[in-house]
Chemist: 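Would you mind keeping the following structure in view while I ask a few things?
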Amino acid sequence: KTLLSPRDGRLAEAFDAEVDATRLLTKGPLLELTPPYETGATPRQLMDEGILHKDFARLGFPVEQPLYVHQETAIRKFLGGRNLVVSTGTGSGKTESFLIPILNSLLEEHANGTLGPGVRALLLYPMNALANDQLKRLRSVLKEFPDITFGRYTGETLERPNDAESDFLLYDFSFYDRRNSRK
């Protein structure tokens, strides 16, 4: 019904009525084949080229797995100082297209001794569930780099700083403890 919308009102009504009346269209399983995305260089190859920092291998990303071409292109453009918009299908790795260059820049600051306090990037997600998933992912990816910090701010974030910190500590004390034990 969403793909076919007859312009003739009577035909559209008849079409909708037939689709609604049958159960043959919704019997499963329904499969949709999508062509695979074209692959490009691996993060290891980008490290060897000097595009990605040598410490990138210490992050929780698979460095031998090829990136999709649109991810590689985005990384090269971003690290080349370009602005970009990534618009591609679900499951195509949009997050890596911007997360890898951001983390790479932070690794460079860390290695140069210039990583100080301050916000470098804001990642905006349309739902708390996505923000929470990325929080878990970032904790895993950055476990070897406790000096690179991040926060999550959603409608669930408590307003008073002490309450928010207590809630954070309940959620994942081990991360907080490792980060502060190095100070």
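Below, each value reflects all heavy atoms present in this structure, side chains not excepted, and no hydrogens, waters or symmetry copies.
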Chemist: Is the backbone of S92 close enough, under 3.5 Å, to the side chain of H70 for a donor and an acceptor to pair up by distance?
Modeler: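 Present.
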Chemist: Say whether, by atom type as modelled, one donor and one acceptor occur between the side chain of E72 and the main chain of A41 under 3.5 angstrom.
Modeler: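 Between the backbone of A41 and the side chain of E72 there is a qualifying donor-acceptor contact (under 3.5 Å).
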Chemist: Taking side chain as C-beta onward, heavy atoms only, is L46 less than 4.5 Å from V63?
Modeler: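 No; the side chains remain at least 4.5 Å from each other.
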Chemist: Tell me whether K77 at atom NZ has more than 12 heavy atoms from other residues, nucleotides or ligands lying less than 6.0 Å away.
Modeler: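 No - once you tally the heavy atoms of other residues, nucleotides and ligands closer than 6.0 Å, there are 12 at most.
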Chemist: Not counting sequence neighbours, which residues clear salt bridge (charged side-chain N to carboxylate O under 4.0 Å, His left out) with D133? List them please.
Modeler: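 Residues passing salt bridge (charged side-chain N to carboxylate O under 4.0 Å, His left out) with D133: none at all.
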Chemist: Quick check: does any side chain N or O of Q45 sit under 3.5 Å from a backbone N or O of T42, one acting as donor and the other as acceptor?
Modeler: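 Yes, because the side chain of Q45 sits within donor-acceptor range (under 3.5 Å) of the backbone of T42.
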Chemist: Spell out, as yes or no, whether a donor-acceptor pair under 3.5 Å connects the side chain of R120 to the backbone of G118.
Modeler: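 At least one qualifying donor-acceptor pair exists.
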Chemist: Can you spot which of T95, L99, L135, L130 makes a side-chain contact (heavy atoms from CB on, under 4.5 Å) with L123?
Modeler: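 Per the side-chain contact (heavy atoms from CB on, under 4.5 Å) rule, the option paired with L123 is L99, out of T95, L99, L135, L130.
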Chemist: Under the rule for salt bridge (charged side-chain N to carboxylate O under 4.0 Å, His left out), what residues qualify as partners of R82, not counting sequence neighbours?
Modeler: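 Per chain and number, R82 pairs via salt bridge (charged side-chain N to carboxylate O under 4.0 Å, His left out) with no residue.
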Chemist: Examine distances only and state if a side-chain atom of E156 and a backbone atom of N128 form a donor-acceptor pair shorter than 3.5 Å.
Modeler: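 Side chain of E156 to backbone of N128: no pair is present.
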Chemist: Is the number of heavy atoms from other residues, nucleotides or ligands within 6.0 Å of CD (E64) greater than 12?
Modeler: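 Check passes, neighbour count above 12.
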Chemist: Test your reading of the model: is there a side-chain donor-acceptor pair from T73 to the backbone of V69, 3.5 Å cut-off?
Modeler: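 At least one qualifying donor-acceptor pair exists.
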Chemist: Checking E49 now: which residues fulfil salt bridge (charged side-chain N to carboxylate O under 4.0 Å, His left out) with it, not counting sequence neighbours?
Modeler: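 So E49 forms a salt bridge (charged side-chain N to carboxylate O under 4.0 Å, His left out) with R76.
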Chemist: Which heavy-atom pair separates I51 from L79 by the least distance, and what is that distance?
Modeler: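 I51 and L79 have their closest heavy atoms at O-CD1, 3.4 Å.
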Chemist: Which word best sums up how the rings of F56 and F61 line up, parallel for under 30°, tilted for 30 to 60°, or perpendicular for over 60°?
Modeler: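 Plane angle under 30°, so parallel.
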Chemist: Without swapping roles, check the side chain of N104 against the backbone of H53 for a donor-acceptor pair under 3.5 Å.
Modeler: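 Pair found, side chain donor or acceptor close to backbone of H53.
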